[in-house]
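Presented below is the structure to which this report refers.
Each chain gets a letter, A, B and so on, in the order its sequence line appears, and its residues count up from 1. We use all heavy atoms of the structure for the numbers below, so side chains are in, but hydrogens, waters and symmetry mates are not.
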Protein chains: 2
Amino acid sequence: MSDPSQRLLQAAAAPDPADPDPALEAITDAALRQFELFGMARSTMDQISRRAKIARVTLYRRFPGKDALIDAVIQRELRRFLADLDAAVQPFEDVDDRLVEGFIFVLGAMRNHTLLQRVLDSEPETILPYLTVQGGPFLTAARDYLAARLLRDHDDAHTPEEVVLLADVLVRLMLSFLLTPQTLIDLDDREQARTFALRYLRPMLARG
Amino acid sequence: MSDPSQRLLQAAAAPDPADPDPALEAITDAALRQFELFGMARSTMDQISRRAKIARVTLYRRFPGKDALIDAVIQRELRRFLADLDAAVQPFEDVDDRLVEGFIFVLGAMRNHTLLQRVLDSEPETILPYLTVQGGPFLTAARDYLAARLLRDHDDAHTPEEVVLLADVLVRLMLSFLLTPQTLIDLDDREQARTFALRYLRPMLARG
DNA sequence: GATGATACATCCATACGCTATTTGTATCAT
DNA sequence: ATGATACAAATAGCGTATGGATGTATCATC
């Protein structure tokens, strides 16, 4: 398993799906379900191919190897995540609301993501270092993506430097809530999450 | 190695050192140095006793076992840390300044703490879970301590519930900077850290 | 009376060899 | 292009052995 930050960058850099190959989709579908049920480390190419109702050899004809398949699954999840985030934020006009709603969405999306939760729960050692002590590349990628996203609907009130710092803090907080969800507010309660974001996140955006 | 949150609670609950036994201090001194040099897992009771210039048997007469010795070392480090934090914050009058200066101090203290950095660097798997996926107890303890500390020099402008939530965010951010120090600002530069805290942390305290 | 030295049982991490599984490729048939 | 079979290579898992470390007991010493 390689550094996830590369995949994030790639996924974020690919604006259009381009390749809705049904055969490939069916395979990644099967792989995703398999991974959700047994984790990535314990899933074998044989199990995945049987679940996809193809021969194992065909699997290798589509993907160079297991790593590449894992990459494809994760990349697709990231693309979906970013697309959903975009859609969730789009209805709102000003940056304030988008920030708050985006934060709420990310919280919910992370906590409802079966594969992510599965990995964190049953094989955390495979992902924990990349999100913590070796989390620099990932943090940078996520921060820069968020900053660019915030600057797209910017209000000219903030310098790019300010926005990047804000994005850094936001990413760190969301990552913290992912890794250690136990907190005073019920993160699954959208209203509580909104109150929290309004009270503690929006003030950081304030001031020109 | 047991859950660190217990130790944090104990250390925070013990306001006075009470026991300045020189013999015990010499042992924990030696153990600390040994741990700093080789990590906790790779340090043996034999090495520690030789460094403390006592027989290994005597070590066992002072401490029930290695776990207890590790606990003692960590507890003392925590006591020192909290005492130093108190001292660093004391010169400042109002909550705003104390928050900012306290944040700066914690950043520096964590990054300059040889043992902590040593463990994170050479045997992170022993501590990482307790600070992330199993970090609930630790986070709760740290958050409650900080909240109580903030309420002691409270300004009546915030409800206890607000303060606890603020403490939660602050602890999460400091933990994030500990685990993933790579960021845009130079955390070792006090002025940059202060600017950051003023810009992004103090606004959270604002409003009554 | 506490410390130190020796000895000893127990525990635990590590390593090694073995086996079974899995990965990845080649070949051939459909 | 897919599937079935076969196969080499890499890897994970497992039981076992081994060495070091933990923890305790005994006795001598100061």
Side-chain angles (χ1 to χ4, degrees), chain A residues 1-2 19-74 118-119 121-129, chain B residues 1-3 19-74 118-119 121-130:
Chain A
M1 196 160 328
S2 59
D19 248 0
D21 184 330
L24 289 183
E25 288 293 307
I27 291 178
T28 42
D29 281 349
L32 175 61
R33 268 187 301 159
Q34 181 68 29
F35 291 157
E36 287 176 348
L37 288 174
F38 296 92
M40 302 201 266
R42 299 184 190 283
S43 293
T44 71
M45 295 294 268
D46 190 61
Q47 291 172 317
I48 296 168
S49 65
R50 273 186 282 129
R51 193 176 287 273
K53 299 193 198 309
I54 60 173
R56 194 169 59 90
V57 182
T58 309
L59 196 49
Y60 279 100
R61 292 196 179 106
R62 302 292 185 165
F63 295 92
K66 190 179 177 180
D67 286 350
L69 179 55
I70 292 179
D71 273 22
V73 170
I74 295 182
R118 168 89 212 175
V119 172
D121 187 56
S122 71
E123 46 194 27
E125 67 282 358
T126 62
I127 197 181
L128 221 41
Chain B
M1 197 158 330
S2 60
D3 194 316
D19 248 359
D21 185 330
L24 290 182
E25 289 292 309
I27 292 178
T28 42
D29 281 349
L32 175 60
R33 269 186 302 159
Q34 181 68 29
F35 292 158
E36 287 177 348
L37 287 174
F38 296 92
M40 302 202 268
R42 299 186 190 281
S43 294
T44 72
M45 295 294 267
D46 191 59
Q47 293 172 315
I48 296 168
S49 64
R50 274 187 280 129
R51 194 174 287 274
K53 299 192 197 312
I54 60 173
R56 194 169 59 93
V57 182
T58 308
L59 196 47
Y60 279 100
R61 292 197 181 105
R62 302 291 186 168
F63 294 92
K66 188 178 178 179
D67 286 350
L69 179 55
I70 292 179
D71 274 21
V73 170
I74 296 181
R118 169 89 211 175
V119 172
D121 186 57
S122 71
E123 46 194 25
E125 68 281 358
T126 63
I127 197 181
L128 223 40
Y130 296 119

**Report entry** Rounded interatomic separation in angstrom, taking CG from B:L69 and C1' from D:dG23
**Finding:** 14 Å
**Report entry** Residue closer to the 5' end of DNA chain C, A:V57 versus A:S43 (nearest nucleotide)
**Finding:** A:S43
Query raised in the report: So what does B:S49 touch, heavy atoms closer than 4.0 Å: a base, only the sugar-phosphate, or nothing?
Result: nothing
Query raised in the report: Does a side-chain N-to-carboxylate-O contact under 4.0 Å join B:R33 and B:D29?
Result: no
Query raised in the report: Please give, in whole Å, the distance from D:dT22 C1' to B:R50 CZ?
Result: 15 Å
Query raised in the report: Any donor and acceptor pair, going by atom type alone, linking the side chain of A:S43 with main-chain N or O of A:M40 inside 3.5 Å?
Result: no
Query raised in the report: Taking it one step at a time, do B:E125 and A:E125 satisfy side-chain contact (heavy atoms from CB on, under 4.5 Å)?
Result: CA-CA 8 Å; B:E125 68 281 358; A:E125 67 282 358; over 6 Å; no
Query raised in the report: In Å, rounded to the nearest 0.5 Å, how long is the span from CG of A:L69 to CG of A:L24?
Result: 10.0 Å
Query raised in the report: Think B:T58 has a side-chain N or O under 4.0 angstrom from the OP1 or OP2 of C:dT3?
Result: no
Report task. Look at the side chain of B:R61 against the base of D:dG23 and say whether a donor-acceptor pair falls under 3.5 Å; ignore hydrogens and angles. Result -> no
**Report entry** Spacing between A:R56 atom CZ and C:dT21 atom P, to the nearest angstrom
**Finding:** 14 Å
Requested in this report: Measure the distance from CE on A:M40 to C1' on C:dT22 and round it to the nearest whole Å.
Outcome: 18 Å
Query raised in the report: In terms of side-chain heavy atoms of B:T44, which of D:dA21, D:dT2, C:dA26 is nearest?
Result: D:dA21
Query raised in the report: Starting at CG of A:D46 and ending at P of C:dA20, how long is that distance when rounded to a whole Å?
Result: 18 Å
Query raised in the report: Within the structure shown, what part of the strands sits under 4.0 Å from A:R62 by heavy-atom distance: base, sugar-phosphate, or nothing?
Result: sugar-phosphate
Query raised in the report: Whole-Å distance between C:dG4 P and B:I54 CD1?
Result: 7 Å
Requested in this report: Measure from NZ on B:K66 to P on D:dT22 and round the result to the nearest Å.
Outcome: 5 Å
Query raised in the report: Rounded to the nearest Å, what distance is computed from the CD atom of residue B:Q47 to the P atom of nucleotide D:dT22?
Result: 8 Å
Requested in this report: Could I get the full list of salt bridge (charged side-chain N to carboxylate O under 4.0 Å, His left out) partners for A:R118, not counting sequence neighbours?
Outcome: none
Report summary line: Scanning all shown strands, the Watson-Crick or wobble mate of C:dT30 with both distances under 3.5 Å is D:dA1
